[in-house]
Student: 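There's a structure below that I have some questions on.
Each chain gets a letter, A, B and so on, in the order its sequence line appears, and its residues count up from 1.
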Amino acid sequence: MNLDFSDEQKQLRDQIRRFLGEKCPSSAVRAVLEGPESYDKGLYRGLAEMGVLGAAIPEEFGGSGLTHLELCVVAEELGRALAPVPVSSSIYLAAEFLIQAGTPRQKALWLPRLAAGGSIGTFAMSEGQGRTTPARISARVEGGKLTGVKFPVADGDVADLAVVAARDEQGRLSLYLVELAAAGVRREALESIDPTRGQARLVFDRAPAELLGTKGDGWHIASQVLDRAAVLMAFEQLGGADRALEMARDYALERMAFGRPIGSFQAIKHILADMYVSATLARSNCYYGAWALVSGAAELPVAAATARVSATTAFQHCAKNNIQVHGGMGFTWAFDCHLFYRRSNALALALGSQSTWESLLIERMSAGNAETAA
Amino acid sequence: MDFEDTVEEAAFRTQVRAWIDANAPKHLEEELKRASFGSNGVVSEDPIAAGKAWQKKKAEAGWACLHWPKEYGGAARTPIERVIWGQEEGAYAALTGVFTIGHGMCGPTVMSWASEEHKRKLLPPLASGEHIWCQLFSEPASGSDLAGLRTRAVKADDGSGDWIVNGQKIWTSGAQYSDWGLLITRTNPDVPKHKGLTMFFLDMKSPGVEVRPIKQVNGQSSFNEVYFTDVRIPDSQRLGDVGQGWEVSLTTLMNERLSIGSGMSTGFPELFRFCMDAEIDGRPAVEDSAVRSRLAQIAVRQSGLKYTGMRAISALSKGETPGPENSIGKLVAGATMQDLSMFALDLQGEAGVIWDEDSPQQGRFQAMLMRSPATRIEGGSDEILRNIIGERVLGLPGDIRVDKDVPFKDIPTSGRKKK
Ligand SMILES: Cc1cc2nc3c(=O)[nH]c(=O)nc-3n(C[C@H](O)[C@H](O)[C@H](O)COP(=O)(O)OP(=O)(O)OC[C@H]3O[C@@H](n4cnc5c(N)ncnc54)[C@H](O)[C@@H]3O)c2cc1C
Ligand SMILES: Cc1cc2nc3c(=O)[nH]c(=O)nc-3n(C[C@H](O)[C@H](O)[C@H](O)COP(=O)(O)OP(=O)(O)OC[C@H]3O[C@@H](n4cnc5c(N)ncnc54)[C@H](O)[C@@H]3O)c2cc1C
């Protein structure tokens with residue numbers, strides 16, 4: 001039994017942590033929060049040059065040909081650093097859609113560009129308020145032209161390519177590749193609770209669209225890719241949860257009140273212990289998800305939902321309590337607590353909300369059996 | 001990332017599985033699977049005798065206390081082999097629950113602190129299930145604050161070197177059927193509290209030992225009060241030096257928290273099965289979205305505990321020492337069981353109040369409701385565990401203490417408040 005990363009993977013983690021320590025301090029995150037750019041271009045280029053964007057992309061398509069385990073390691077570090085880059089949209093989603101469902105030509109056209117960071121991809125499914133279900137998708141493709149409105153689309157303001165869920169001529173849910181620079185695409189950047197990551201509304205009016213995968217297979221492919229992305233996203237959330245816990249711990253050691261460090265008050269100590277518990281449970285569940293992701297296990301749908309629900313819980317729990325432990329300082333713009341609070345709540349909604357994943361987990365368990373999680 | 005055994009581990013597992021298959025008391029399997037809280041489930045015969053018989057059989061074939069040295073009744077196996085044995089023993093492990101305290105805590109303490117002669121005398125019959133041990137630590141005035149205990153041991157004035165013990169222990173699990181007890185006493189009240197303690201082991205049949213069962217919340221009486229009236233203990237039964245009792249007790253308490261990979265169950269599979277069977281408005285409860293959210297939260301806690309245990313096993317398998325993450329086990333499991341039982345009763349509607357054979361799963365959730373409060377207290381309460389995580393794992397400062405460096409006799413207690 002080895003439910004752990006290998007020594008080489010741990011070295012990769014150290015390397016990325018050092019790189020991000022240098023290239024992605026909180027000032028870099030704040031530059032995106034407060035500035036006009038919706039992501040850190042230099043950082044994204046640096047990640048591409050290190051080969052980490054293409055970690056799980058096959059070598060023949062310009063990737064490094066490593067495994068998704070290395071990508072999990074990368075994701076955790078990006079989460080710790082709150083990296084303001086579109087990796088989840090472009091790599092966990094767009095590239096994964098192409099790997100899973102693309103034709104050789106589609107792969108050869110797009111994967112090298114996504115791996116090199118020269119192009120950014122995203123996934124456009126939601127069409128507004130409420131949980132996304134197949135019935136609620138009304139975007140439509142007729143004669144190779146897409147019409148409809150998608151929002152929110154993560155990184156939709158900067159993406160070059162979108163994988164769009166829409167209906168074909170027969171009304172079947174299918175997936176299409178759409179170049180966002182093409183005529184018939186209008187995009188509007190949207191304000192959000194976490195401006196360190198871009199959000200947009202994409203309005204398609206007879207925009208050229210190319211089928212991805214088989215017609216009518218859209219929901220099926222999307223579910224598979226979302227499960228894979230959910231594991232990677234869970235690692236980002238885990239990284240964020242751990243870092244928020246460390247910040248709170250460090251502050252509790254340093255801040256004095258009533259003549260003693262606040263970490264010596266049980267009220268604070270027990271909050272921190274509970275943060276540790278939720279982060280530890282999430283880590284163990286993430287490793288289970290990572291195992292299912294790389295081993296092609298039949299229980300991936302259960303493992304992915306487990307990792308996702310657990311990591312969302314942990315990140316939200318750690319980020320909100322990090323503010324609590326910081327007292328009034330935690331509520332200031334100047335302290336970094338809010339960056340984690342924003343990200344934790346934004347990621348909790350990306351790829352489908354917590355209650356959606358909770359419901360999926362139990363639905364999947366009842367389809368299989370409860371023993372998988374017991 | 002894999003769940004595979006190494007070649008050696010797989011070979012060992014095959015061997016264990018074959019032996020268990022050929023030797024386990026299969027006629028008890030059904031009853032054992034129904035084991036609920038605070039009992040091993042055996043009703044068709046004497047549950048303690050059944051446990052002793054299984055332990056004896058294991059010992060004769062070399063499967064008892066796997067990680068103990070052979071000369072003390074063990075099998076000198078590696079920690080990972082012990083874990084594999086536990087996984088394969090499965091439901092039959094419940095049979096030998098009466099030895100948990102002896103094998104898990106008292107035995108290791110004796111092994112670290114007793115003379116060679118005593119180790120060879122005491123440990124083999126403990127390993128083979130002939131003797132049951134209990135832990136005589138907690139007292140009415142000292143539970144979490146163990147070092148505040150008051151049971152006195154004083155040297156006999158007859159020159160024999162024996163000790164005379166007077167006082168009272170409480171919450172002693174299994175004292176009513178134990179052969180030996182591990183007893184911590186105060187030998188010097190004039191020094192600070194941690195410095196005046198001394199550990200002994202004693203024959204529970206010694207004159208002056210009186211065991212009185214305590215009726216618990218759930219109606220059972222697994223724990224007891226134990227009274228000592230002029231109980232005489234030979235000095236040779238002392239473990240560690242006079243005044244070294246606190247250090248000795250730490251061996252016991254460390255072992256109490258070291259049950260690696262046991263992956264405490266929270267009862268999730270049973271709850272899930274119940275939610276598949278129970279109905280809300282004519283549809284399976286498991287299809288209700290509110291039920292799904294609650295279930296999912298419990299599911300990920302259960303699975304988090306399971307894989308946390310597996311991470312610890314991974315470390316063992318590589319010959320490493322598991323990290324501190326295992327300290328979360330009982331803290332998570334206790335609270336989860338309590339939540340889970342309340343949720344299961346809620347789904348039963350008004351009938352959830354009824355606790356009889358016709359209740360879903362023979363009243364399993366009602367039994368859990370009534371037993372789970374104890375899990376949050378025994379062996380270190382939730383609050384003490386949070387202190388341990390905060391201080392030992394996260395490195396936060398300890399509480400400011402009013403009982404340090406003060407002679408024990410001057411410390412305020414519930415019965416002796418400071419004026
Ligand atoms: C929006 C806002 C408006 C405010 N307006 C005003 C105002 O108008 N006037 C004004 O004077 N102040 C104001 N304050 C300040 C506010 O009263 C303090 O922030 C608050 O008292 C906490 O103090 P602190 O920020 O120094 O945190 P700390 O005292 O440093 O607390 C840090 C953490 O330690 C915990 N802690 C501290 N001591 C203990 C203890 N003994 N036991 C357990 N836990 C402990 C706290 O609960 C907190 O979680 C405002 C604060 C905010 C956020
Ligand atoms: C089913 C069961 C079986 C048991 N079996 C045994 C046995 O075999 N042998 C044995 O020796 N003992 C046994 N115990 C006793 C057990 O170890 C004690 O009950 C436990 O240590 C708590 O002590 P207490 O009951 O005196 O509670 P107290 O220590 O009085 O605690 C009361 C409350 O105060 C809290 N508290 C106390 N100190 C602190 C602190 N520093 N910070 C924050 N909160 C604090 C506690 O968490 C608790 O909520 C058993 C208990 C149970 C319930």
Student: How about K404(B): does its NZ atom have over 12 heavy atoms from other parts shown lying under 6.0 Å from it?
Tutor: no
Student: Roughly how far apart are M1(B) CE and F5(A) CZ, rounded to 0.5 Å?
Tutor: 3.5 Å
Student: Please tell me if the side chains of I328(B) and Y276(A) come closer than 4.5 Å, counting only heavy atoms from C-beta onward.
Tutor: yes
Student: With the side chain counted from C-beta on, respond yes when E363(A) and R292(B) share a heavy-atom pair under 4.5 Å apart, and no when they do not.
Tutor: yes
Student: Rounded to the nearest 0.5 Å, how far apart are CG of L361(A) and OG of S293(B)?
Tutor: 10.0 Å
Student: Between V286(B), V332(B), N387(B), which has the largest tally of heavy atom pairs under 4.5 Å with chain A?
Tutor: N387(B)
Student: Just one of L295(B), D288(B), V291(B) clears the side-chain contact (heavy atoms from CB on, under 4.5 Å) bar with I362(A), so which one?
Tutor: L295(B)
Student: Side chain from CB out, backbone as N, CA, C, O: work out which of these in E246(A) comes under 4.5 Å of a heavy atom of chain B, or both, or neither.
Tutor: neither
Student: Walk me through whether F272(B) and S366(A) qualify under side chain to side chain contact (heavy atoms under 4.5 Å, CB included).
Tutor: CA-CA 8 Å; F272(B) 193 84; S366(A) 26; 3.9 Å; yes
Student: Between chain B and each of L360(A), V277(A), I271(A), count heavy-atom pairs under 4.5 Å; write down the option with the most.
Tutor: V277(A)
Student: Decide yes or no for R311(B) and T280(A): does some side-chain heavy atom of the first lie under 4.5 Å from some side-chain heavy atom of the second?
Tutor: yes
Student: Using a distance-only test with no angle check, is there a side-chain donor-acceptor pair under 3.5 angstrom linking H270(A) and D382(B)?
Tutor: no
Student: Could you tell me whether D7(A) and K318(B) have a side-chain N and a carboxylate O separated by less than 4.0 Å?
Tutor: no
Student: If you measure from OG on S289(B) to CD on E358(A), what distance do you get to the nearest 0.5 Å?
Tutor: 10.0 Å
Student: In terms of heavy-atom proximity below 4.5 Å to chain A, should R294(B) be classed as side chain, backbone, both, or neither?
Tutor: neither
Student: Please classify the contact of L272(A) with chain B as side chain, backbone, both or neither, using a heavy-atom distance under 4.5 Å.
Tutor: both
Student: On the 0 to 90° scale, with breaks at 30° and 60°, tag the W291(A)-F3(B) ring pair as parallel, tilted or perpendicular.
Tutor: perpendicular
Student: Quick one: closest heavy-atom pair of P397(B) and L253(A), and the distance?
Tutor: CD-CD2, 3.6 Å
Student: Rounded at 0.5 Å granularity, tell me how far CG in N2(A) sits from OG1 in T6(B).
Tutor: 11.0 Å
Student: Please check if atom CZ in R401(B) has more than 12 non-hydrogen atoms from other residues, nucleotides or ligands closer than 6.0 Å.
Tutor: yes
Student: Can you name the closest pair of heavy atoms from K269(A) and G390(B) and give their distance?
Tutor: CG-CA, 3.9 Å
Student: Might you point out which heavy atoms bring L281(A) and G304(B) nearest each other, and give the distance in Å?
Tutor: CD2-C, 3.6 Å
Student: What residue in I389(B), L394(B), I80(B) has the most heavy-atom pairs under 4.5 Å with chain A?
Tutor: L394(B)
Student: Do S303(B) and N285(A) have a side chain donor and acceptor closer than 3.5 Å?
Tutor: yes
Student: Rounded to the nearest 0.5 Å, what separates atom CD in Q297(B) from atom CD in Q354(A)?
Tutor: 5.5 Å
Student: Hey, does R260(A) have a side-chain heavy atom less than 4.5 Å from the side chain of D399(B)?
Tutor: yes
Student: Nearest 0.5 Å, what's the OH-NZ distance between Y288(A) and K306(B)?
Tutor: 6.5 Å
